[in-house]
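Accompanying notes for the structure given below.
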Amino acid sequence: MSELTVDIQNVFEGSSVPADAQLQSWAQSAWLGEHPSEVTVRIVDTSESQTLNNEFRGKDKPTNVLSFPFEAPAGITVPLAGDLVICAPVVEREAAEQHKTPTAHWAHMVVHGMLHLQGYDHVDDEDAEVMEALEIRLLAQLGFGNPYEAEETEQDS
């Protein structure tokens with residue numbers, strides 16, 4: 001695992017966002033690349049999330065995390081992984097709905113987004129299984145439980 005530089009841009013007016021050091025630690029833990037790189041983690045409100053989600057995914061609603069992998073032009077090598085945009089109000093709402101601690105859900109969203117930046121996806125079942133297994137392992141290394149098990153447990157009760 002190589003070094004990852006994490007730039008935090010918090011433009012959300014709220015106190016529930018984890019400390020920059022936590023966000024950086026989670027992102028670094030999920031960086032599996034062999035070369036040093038850089039990522040920007042931007043914490044936003046629902047309006048910015050909805051605008052970006054609509055523009056880039058055609059979905060006119062805010063979402064928990066958006067990943068924008070950096071694609072260098074031909075012949076250019078720049079050590080940039082890309083950008084993560086995390087919507088604080090959506091993460092907070094989901095944590096409450098899923099009966100998770102806000103910290104655990106924030107960690108999951110950072111890890112999830114970082115894996116997307118590295119090419120992991122969950123479009124089909126096989127890819128989803130690979131990505132979810134990696135998320136579960138990385139979160140366990142950070143001291144968090146299985147984020148998918150928590151959802152299933154709550155749905156069963």
Side-chain angles (χ1 to χ4, degrees), residues 1-14 16-95 97-98 100 102-139 141-142 144 147-148:
M1 180 170 65
S2 291
E3 185 64 29
L4 180 73
T5 301
V6 183
D7 299 315
I8 307 292
Q9 297 177 354
N10 186 354
V11 296
F12 176 69
E13 298 289 331
S16 62
V17 177
D20 288 1
Q22 274 188 307
L23 295 167
Q24 290 168 341
S25 173
W26 297 332
Q28 175 70 54
S29 296
W31 180 245
L32 308 173
E34 296 178 9
H35 304 288
S37 195
E38 185 173 340
V39 66
T40 297
V41 177
R42 183 172 173 87
I43 312 300
V44 302
D45 60 14
T46 52
S47 176
E48 185 171 339
S49 176
Q50 182 168 341
T51 298
L52 291 169
N53 200 23
N54 190 30
E55 182 177 342
F56 291 98
R57 297 179 64 226
K59 298 183 179 187
D60 193 19
K61 62 180 184 178
T63 189
N64 51 23
V65 61
L66 292 166
S67 303
F68 297 98
F70 177 71
E71 296 176 17
I76 305 292
T77 55
V78 181
L80 294 176
D83 300 331
L84 292 184
V85 178
I86 303 175
C87 182
V90 171
V91 172
E92 292 166 12
R93 186 191 77 236
E94 288 177 347
E97 290 171 356
Q98 297 169 16
K100 298 176 181 176
T103 302
H105 197 47
W106 272 99
H108 182 209
M109 292 302 94
V110 171
V111 167
H112 184 86
M114 287 299 299
L115 292 179
H116 275 309
L117 289 181
Q118 297 170 85
Y120 290 90
D121 214 328
H122 46 81
V123 174
D124 64 46
D125 289 346
E126 190 174 313
D127 289 343
E129 285 181 28
V130 170
M131 185 171 178
E132 288 176 12
L134 190 49
E135 288 174 279
I136 291 164
R137 191 189 82 205
L138 290 169
L139 288 164
Q141 290 171 354
L142 293 169
F144 297 104
Y148 300 104

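The shown structure was predicted, so the numbers you read here are calculated from the model rather than taken from an experiment.
- Counting heavy atoms from C-beta on, the side chains of Q28 and E3 come closer than 4.5 Å.
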Open item on the list: Test side chain to side chain contact (heavy atoms under 4.5 Å, CB included) on M114 and L138; report intermediate values, then the result.
Closed with: CA-CA 11 Å; M114 287 299 299; L138 290 169; over 6 Å; no
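- Taking CG of L117 as the start and CZ of F70 as the end, the distance is 12.5 Å to the nearest 0.5 Å.
- Residues D127 and Y120 are not in side-chain contact: their nearest non-hydrogen atoms beyond the backbone lie 4.5 Å or more apart.
- The closest side-chain heavy-atom distance from V65 to V91 is not below 4.5 Å.
- Taking 4.0 Å as the cut-off between side-chain N and carboxylate O, E94 and K100 do not count as a salt-bridged pair.
- Here the CG-CD distance, from D124 to E129, works out to 9.5 Å after rounding to the nearest 0.5 Å.
- Looking only at side-chain heavy atoms (C-beta outward), V6 and D20 stay at 4.5 Å or farther from each other.
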TODO: Please lay out, stage by stage, how K59 and Q50 fare under the test side chain to side chain contact (heavy atoms under 4.5 Å, CB included).
DONE: CA-CA 8 Å; K59 298 183 179 187; Q50 182 168 341; over 6 Å; no
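- Interatomic distance, CD of E132 versus CG of L115, reported as 11.0 Å (0.5 Å rounding).
- A side chain to side chain contact (heavy atoms under 4.5 Å, CB included) with N53 holds for exactly one of T46, T63, D60, V85; it is T63.
- The aromatic rings of W26 and F144 stand perpendicular to each other, their planes meeting at an angle above 60°, with 30° marking the opposite boundary.
- From S29, atom OG reaches atom CG of L142 across 4.0 Å, with rounding to the nearest 0.5 Å.
- Scanning both residues, G33 and Q118, for their nearest heavy atoms gives N-OE1, 3.5 Å.
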Open item on the list: What verdict does the side chain to side chain contact (heavy atoms under 4.5 Å, CB included) test give for L32 and L134, after you've listed the backbone C-alpha separation in whole Å, the side-chain angles of each residue and the deciding distance to 0.1 Å?
Closed with: CA-CA 11 Å; L32 308 173; L134 190 49; 3.6 Å; yes
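- Considering CD of E55 and CG of L66, their distance stands at 11.0 Å, rounded to 0.5 Å.
- Contact between W106 and I43 at its shortest, heavy atoms only, is CZ3-CD1, 3.7 Å.
- Side-chain contact between H116 and H122: present, with at least one pair of heavy atoms (C-beta onward) separated by less than 4.5 Å.
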Open item on the list: Walk me through whether E135 and Y148 qualify under side chain to side chain donor-acceptor pair (under 3.5 Å).
Closed with: CA-CA 10 Å; E135 288 174 279; Y148 300 104; 2.7 Å; yes
TODO: Begin from the C-alpha positions of D45 and F12 and carry the test side chain to side chain contact (heavy atoms under 4.5 Å, CB included) through to its verdict.
DONE: CA-CA 5 Å; D45 60 14; F12 176 69; 4.0 Å; yes
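- Annotation for L139 and P147: closest pair CD1-CG, 3.6 Å, computed over non-hydrogen atoms.
- The number of heavy atoms from other shown groups lying within 6.0 Å of CG (D125) does not exceed 12.
- The two residues P36 and P79 come nearest to each other via the heavy atoms O-CB, 3.5 Å.
- A donor-acceptor contact shorter than 3.5 Å links the side chain of T51 to the backbone of S47.
- Taking CG from L84 and CG from D7, the interatomic distance works out to 11.5 Å, rounded to the nearest 0.5 Å.
- Between S49 and P62, the closest heavy-atom pair is OG-CA, 3.5 Å.
- Shortest non-hydrogen contact noted between E38 and L4 is N-CD1, 3.9 Å.
- In this structure the side chain of R42 never reaches within 4.5 angstrom of the side chain of I86, judged on heavy atoms.
- Taking 4.5 Å as the limit, some side-chain heavy atom of Q9 sits within range of a side-chain heavy atom of T40.
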